> 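Take this structure, written in structure tokens, and hold onto it; I'll ask about it next.
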There are 2 protein chains.
Amino acid sequence: MPITIDRAAAVVTRTGVLTDQTIQINGGRITAIRPADAAPRPADGTTVIDGRDRAVLAGWKNAHTHAAMTLLRGYGDDMLLQPWLQERIWPLEARLRPEDLYWGTRLAAIEMIRSGTVFANDMYFNLPEVWRAFEDSGMRAAVGLAMFDFHDAEQRRAIMEDVDRLLDRYAGSDGRVFATVAPHSIYTCSGELLQWAARRAEEAGVVFHIHMSETRQEVEDCETAHGMRPFHWLDSLGVLERVGARSVAAHGIWLDDTERRLVADAGMTVVHNPASNMKLASGVLDWAALRDAGVPMMLAPDGVASNNNLDMYDEMKLAALLQKVHTGDPTRLPAADALALAAGELSDAFATNGVGGHLAEGVPADVQIVSLAAPQMVPLHHLDSNLVYAANGSVVETVIVDGEIVMRDRQVADEAEVIRQARRCARELTTSA
Amino acid sequence: MPITIDRAAAVVTRTGVLTDQTIQINGGRITAIRPADAAPRPADGTTVIDGRDRAVLAGWKNAHTHAAMTLLRGYGDDMLLQPWLQERIWPLEARLRPEDLYWGTRLAAIEMIRSGTVFANDMYFNLPEVWRAFEDSGMRAAVGLAMFDFHDAEQRRAIMEDVDRLLDRYAGSDGRVFATVAPHSIYTCSGELLQWAARRAEEAGVVFHIHMSETRQEVEDCETAHGMRPFHWLDSLGVLERVGARSVAAHGIWLDDTERRLVADAGMTVVHNPASNMKLASGVLDWAALRDAGVPMMLAPDGVASNNNLDMYDEMKLAALLQKVHTGDPTRLPAADALALAAGELSDAFATNGVGGHLAEGVPADVQIVSLAAPQMVPLHHLDSNLVYAANGSVVETVIVDGEIVMRDRQVADEAEVIRQARRCARELTTSA
């Protein structure tokens, strides 16, 4: 069904903000962005959305998340990493039932849609349930089963079989939801498993998704075990060469210059997770050094257990503010760069899966429509600045994914039922504990 | 008119979260907090608010702001401090007309009310217009005329006359809006002016409000000029002794141990402004050292030109995350402490003006009612954690100040008109530039 966004006060494009435009959407794509007075009349049957006093921009791309962890929101906070994992997160994760994965992911999708996110790159358990939840949500999603073997051959064989089965079933999907290969990290995966994962990702033509260099400890342990830093270890295994630009490293905090060059040469995308990195005290990503090295970057909230929400507006503000205070330079990571990170403009990792970065004629219609009449958006001296520093997800009114409306005037289908079921699952998870 | 909040799912008190409570409000005060089944029937004419699936908590206290700067939101960002002030902020401030002050403050009040704030400690220009705007908003506010003399005797005499006139007119008000004496800072005020301000604050029985030790430069300049650090300079002038616990120092980043002891002994409140300190790269307040020294602390967003919103939920999250990443310790500034900062529980600076910190029978009825059904508040393992790490201001549904409803179900009186006027003022300010 065609959609027209009529007389949008502002449209954010890669080259600047256009005013008073009419946007036409059909067949999943933006078919026209034209000055409102020059736009053709919408055809019969077109859904017309009033664009006056609103801004239209690309939906956010959440490049690293564990969606179903919504059920663990606030279950453990303000703790040291190891007790947090061992006493709170892992025991609850061990009890996750298939329906928990489904409803937890549905809740995450609703939260993401309500804050303008159109795509999530997920890594978690029970891929079929997560897949089904994202399909039912209407969002785009890349879903990967978190792989680890803890250097145990038996576990390795089992996870390889799981991933083989899932790739047979899911790889090659060209819908909104698609598969990735997602080894958890270099400290939970053996070299053999990492090599196997890279080969399988390459063969299946899917993205390789991994946590990298999140903590200083991880780097030190890698140097002790392998005599080299984490990205050099990945490189020595032949992983970077195989996965190239279709690969995503979450966190990427503790890189040295040689690693940044390696990552840039491979074209691997580093995902910045400012809230999670701050909350777990993991460290501060060096945005300017990564940018100067030519590393593609994206932005993400991580899972809610270490955030505790999925609002990409929060991540933009945190990213920009953290770089400034950490470097002592208030010009660091200006608003326009934060927007480009959140929109996914700086990475092509998911481009072949239809995940675009910006608004233009011909691109997939993944769009958010933002109120300019919300008090924190008034006045409008600079839209970029208002979006990054003043807004939060509540300014988003309407979200379109793949040319279909998934939220209209802040109404998302099934919201009450998803909240009811997610609450039930969370209660059952913790009362059985 | 009496108000009953019926069957509140959660009520946050100083000693913990109570469940299924009914709260009664009359004559500006909380008259009862009782288990719902034991609460008396509301009298005829009572406004009954459904508390089911909602949390009731003390409204936030914004302890340092420049409200009318909403008109400058996003006018200058991502800039070094001096060009930002000299090229963007000061030229526009020099053109502020009385109506700009009024409508800018009204817009700020709406934004604050919508994010659960019941009280603001303001420092800006044209106190009568600011006063009138806060009165019309229904909020509590402490308003002070920003004083400076740049060590010029003529300017000093003029500002003293202004402040004398204002105190004659406004001091002694026991309403929701009340006056302060607000010397801008030690680098814009001479020692004579600071001494005069402290004496006038003491005589008039009002709070003394000043920016202190926001930048490292300010400390170095003070050492060069006076041979001592800023709080010692204030002390040597006799200021701390006069103003004591009825004084508020905004920012308070660059204190050494001797200054923290001095501030604690005086009982002066330090206000943490995490967003502003990060955005301007001013530095990181040492929360644990201030707490250990016994310094009373509050929280605030500063003005929107350096934030760029007035949402105290954002400030709580920023405060907690910044302490963690800066110290490398994820247990630093836990959620409960962030809530106490935002609620104003740790300072008595404004206590004689009816600004309370927490909910209890007998205290002023300054209350926010928060939805627990917003997706980012689900599930509810720990309310403190959800409020600090997952929520933003949009979860607030209803706000009561001094026993009167100022927002009900996210509707604030005059919102559309205030936005219309604030936009007009901002446009006229910048097009005349």
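Since the model is a prediction, treat every value here as computed from it, not as a measurement. Atoms considered below: every heavy atom in the structure, side chains included; atoms not considered: hydrogens, waters and symmetry mates. Naming convention: chains lettered A, B, ... in sequence-line order (proteins, then strands); numbering from 1 in each chain.
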> Would you mind reporting whether A:Leu80 and B:Asp329 have side-chain heavy atoms less than 4.5 Å apart?
yes
> Pick whichever of B:Asn307, B:Leu280, B:Thr327, B:Ile110 has the most heavy-atom pairs under 4.5 Å with chain A.
B:Asn307
> Counting heavy atoms not belonging to B:Arg216, are there more than 12 under 6.0 Å from its CZ?
no
> Give, for atom CD of B:Gln323 and atom CE of A:Met278, the distance between the pair rounded to the nearest 0.5 Å.
10.0 Å
> Go through the atoms of B:Leu387 and report whether side chain, backbone, both or neither lie under 4.5 Å from a heavy atom of chain A.
neither
> Picking from B:Asn309, B:Val418, B:Asp78, B:Thr70, which has the most non-hydrogen pairs under 4.5 angstrom with chain A?
B:Asp78
> Would a 4.5 Å heavy-atom cut-off, applied to side chains only, mark B:Glu415 and A:Pro375 as touching?
yes
> Say whether A:Asn277 and B:Lys324, considering side chains only, have a donor N or O and an acceptor N or O under 3.5 Å apart.
no
> Select one option (side chain, backbone, both, neither) describing which atoms of A:Ile253 are under 4.5 Å from chain B's heavy atoms.
neither
> Against chain A, label B:Ala108 side chain, backbone, both or neither, depending on which of its atoms sit under 4.5 Å from a heavy atom there.
neither
> Which region of B:Ala416, side chain (C-beta onward) or backbone (N, CA, C, O), has a non-hydrogen atom less than 4.5 Å from a non-hydrogen atom of chain A, or is it both or neither?
neither
> With respect to chain A, which residue among B:Leu333, B:Leu322, B:Leu71 yields the maximal number of heavy-atom pairs within a distance under 4.5 Å?
B:Leu71
> Are the side chain of A:His381 and the backbone of B:Gly74 linked by a donor-acceptor contact shorter than 3.5 Å?
no
> Check the pair B:Asp53, A:Arg423 against salt bridge (charged side-chain N to carboxylate O under 4.0 Å, His left out), reporting the backbone distance first and the verdict last.
CA-CA 12 Å; B:Asp53 218 359; A:Arg423 282 174 162 171; 2.8 Å; yes
> Do B:Arg73 and A:Gln376 make a side-chain contact, defined as non-hydrogen atoms from C-beta onward lying under 4.5 Å apart?
yes
> Say whether A:Ser385 and B:Asn308, considering side chains only, have a donor N or O and an acceptor N or O under 3.5 Å apart.
yes
> Looking at every heavy atom in both B:Ala422 and A:Val378, which two are closest together, and how far apart are they?
CB-CG1, 4.4 Å
